[in-house]
There are 2 protein chains.
Amino acid sequence: MPRSGLEARRRLQQAALELYRERGFDQTTTAEIAARAGVNERTFFRHFPDKREVLFHGEADLRAELMRSVAEAPDGLQPLDILLRAFREAGRILEENRPFSEPRLEVIAKTPALRERELAKAASLTEAVAEALRQRGVADRLAGLAAQTGWAAFHQAAGAWIDDPSANLDAHLSRAFDDLRALSATSTG
Amino acid sequence: MPRSGLEARRRLQQAALELYRERGFDQTTTAEIAARAGVNERTFFRHFPDKREVLFHGEADLRAELMRSVAEAPDGLQPLDILLRAFREAGRILEENRPFSEPRLEVIAKTPALRERELAKAASLTEAVAEALRQRGVADRLAGLAAQTGWAAFHQAAGAWIDDPSANLDAHLSRAFDDLRALSATSTG
DNA sequence: AATGTGGTGTCGGTCACTGACACAACGCGA
DNA sequence: TCGCGTTGTGTCAGTGACCGACACCACATT
């Protein structure tokens, strides 16, 4: 039966996403997911530590892409510009996987337990980005704030892109980062 | 046995905090918490929806204070200035409850499951602040971003204040919001 | 005294998640 | 070709979070 495990993992992710959409996260049991994927329930927990994590596996790719982009950004850019660049590039992962990204984000948005996990992932990712910025010499406190505000803009852009696919993710990102600048520009300080 | 229920709830919170510190969150069962509080396990779940929530009950006070402050801020202030004002005022709750919050924050910091819940609480609170800003006429997207960046600054200031109590929270807040403005001011846009 | 209400104990059950053990498929060297 | 370790899997027997239903008890109201 076992070939590489990758096959089963993919089927489990697919089955989970389908079932979460069909009857909701809370009304789906791990046994059902496993059954649809054609494996044993125990196998589910061999591939994913819990019922939520099955929807958060591509995160490693996004993380790697973000880190790479931040590290390789040209000198002379300001923190927020580095991040806009990085999110543009990493965003391609979302755009290329849209058929998977869209229902996934939909389910997450309507399930508190999944939103909690998403926030945790975001926090971890944000901290990694902040560290990457520090590696580039961005001041300590500034790096943390930049990463969090940048992520807030990215998250908002991603949501807007889901709601309005007529514009591409880049356009939404530009607008979100413009808002960010407007926010501080108009502040009295 | 039942007097008002408030008594049991307080004992449950106390027992939970103690046990989470003594043997850790994961190694504590709800039955043990209930036993130490002198009530039945079922009663625990009548007062708190789950094992984590028992540590997140004062949140309502902070939320109420923030909402009030945002709503009552004088006209003419920019979003970030409204928030700085609000966090200054709400921050007093933290300063007054420092001796109680400290062990609680300690447990949360070292327990992933509790950190997840904390992030969820922060997100909910942030969304409430955003809505309060919108009520004041702040543009839709801007309100969301302002609330999140403002919260990021507040969170960073609170952390700095825990690590360095020599300066008061206000000072840390001022510095964080200055950083925020510096972030966008130097961006090319 | 009758009645209502809210907090509680008890019981039975579902389901997420785990440890232990055995088995099947593959890769690889002998 | 045969053994052999490695890896993915199935099975079984748990533990513990959490819920629905019902009965009971303290207290307030009338």
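Owing to the predicted nature of the structure, the values given are computational and were not obtained by experimental measurement. Convention: sequence-line order gives letters A, B, ...; per-chain numbering from 1.
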Item checked: Residues forming a salt bridge (Lys or Arg N to Asp or Glu O under 4.0 Å) with A:Arg104, sequence neighbours excluded ->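 Applying salt bridge (Lys or Arg N to Asp or Glu O under 4.0 Å) to A:Arg104 gives none.
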
Notebook entry, point to check: With sequence neighbours excluded, what pairs up with A:Phe45 under the ring-ring contact (aromatic ring centres under 6.0 Å, His included) test?
Noted result: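 Scan of A:Phe45 (ring-ring contact (aromatic ring centres under 6.0 Å, His included), adjacent residues dropped) gives none.
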
Notebook entry, point to check: What parts of residues 105-123 of chain B reach DNA chain D, counting only heavy atoms under 4.0 Å away?
Noted result: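 Close to the strand, none.
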
Notebook entry, point to check: Under a 4.0 Å heavy-atom cut-off, which of residues 26-57 of chain B touch DNA chain D?
Noted result: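 Contacting residues: B:Thr28, B:Thr29, B:Thr30, B:Arg42, B:Phe45, B:Arg46, B:Pro49, B:Asp50, B:Lys51.
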
Next item on the list: Figure out the CZ/P separation between A:Arg9 and D:dT7, and round it to whole Å.
Entry: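 Checked: the CZ to P distance equals 14 Å.
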
Next item on the list: Specify the separation, in whole Å, of atom CG of A:Leu12 and atom P of D:dG8.
Entry: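 Rounding to the nearest Å, CG of A:Leu12 and P of D:dG8 are 14 Å apart.
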
Next item on the list: Have a look at the helix from C:dA1-D:dT30 to C:dA30-D:dT1 and give the angle its two end axes make, five pairs each, rounded to 10 degrees.
Entry: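 The angle separating the two end axes equals 10°.
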
Margin query: Under the rule for side-chain contact (heavy atoms from CB on, under 4.5 Å), what residues qualify as partners of A:Ala171, not counting sequence neighbours?
Written below: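 Per chain and number, A:Ala171 pairs via side-chain contact (heavy atoms from CB on, under 4.5 Å) with A:Ala167, A:Asn168.
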
Notebook entry, point to check: Thinking salt bridges, do B:Asp178 and B:Arg181 make one under a 4.0 Å N-O criterion?
Noted result: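 So B:Asp178 pairs with B:Arg181 through a salt bridge.
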
Checklist line | Members sharing B:Met67's hydrophobic cluster (side chains within less than 4.5 Å) | finding: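 None; B:Met67 is a cluster of one.
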
Please list, one pair per line, the donor and acceptor atoms closer than 3.5 Å that link side chains of residues 153-164 of chain A to other protein atoms, with sequence neighbours excluded.
unit_1   : atom_1 : unit_2   : atom_2 : d
A:Asp164 : OD1    : A:Ser166 : N      : 3.1
A:Asp164 : OD1    : A:Ser166 : OG     : 2.5

Margin query: Going by salt bridge (Lys or Arg N to Asp or Glu O under 4.0 Å), name the pairs with one or both residues in residues 139-157 of chain B, residues two or more places apart or in two chains.
Written below: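 Matches after skipping sequence neighbours: A:Asp179-B:Arg141, B:Arg134-B:Asp140.
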
Note to self: Enumerate the side-chain hydrogen bond (donor to acceptor under 3.5 Å, both in side chains) contacts for residues 60-76 of chain B, please, sequence neighbours excluded, ordered by first and then second residue.
What the structure shows: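 Sorted result for residues 60-76 of chain B: B:Glu59-B:Arg63, B:Arg63-B:Ser124, B:Glu65-B:Arg68, B:Arg68-B:Glu72, B:Arg68-B:Glu89, B:Ser69-B:Glu89.
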
Notebook entry, point to check: Among pairs that include at least one residue of residues 31-48 of chain A, which meet side-chain hydrogen bond (donor to acceptor under 3.5 Å, both in side chains), considering only residues two or more places apart or in two chains?
Noted result: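 Applying side-chain hydrogen bond (donor to acceptor under 3.5 Å, both in side chains) to every pair that reaches into residues 31-48 of chain A, excluding sequence neighbours, yields A:Arg9-A:His47, A:Glu18-A:Arg36, A:Glu22-A:Arg36, A:Arg23-A:Glu32, A:Thr30-A:Glu41.
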
Item checked: side chain to side chain donor-acceptor pair (under 3.5 Å) partners of B:Arg52, counting only residues at least two apart ->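 B:Arg52 satisfies side chain to side chain donor-acceptor pair (under 3.5 Å) with A:Glu116 only.
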
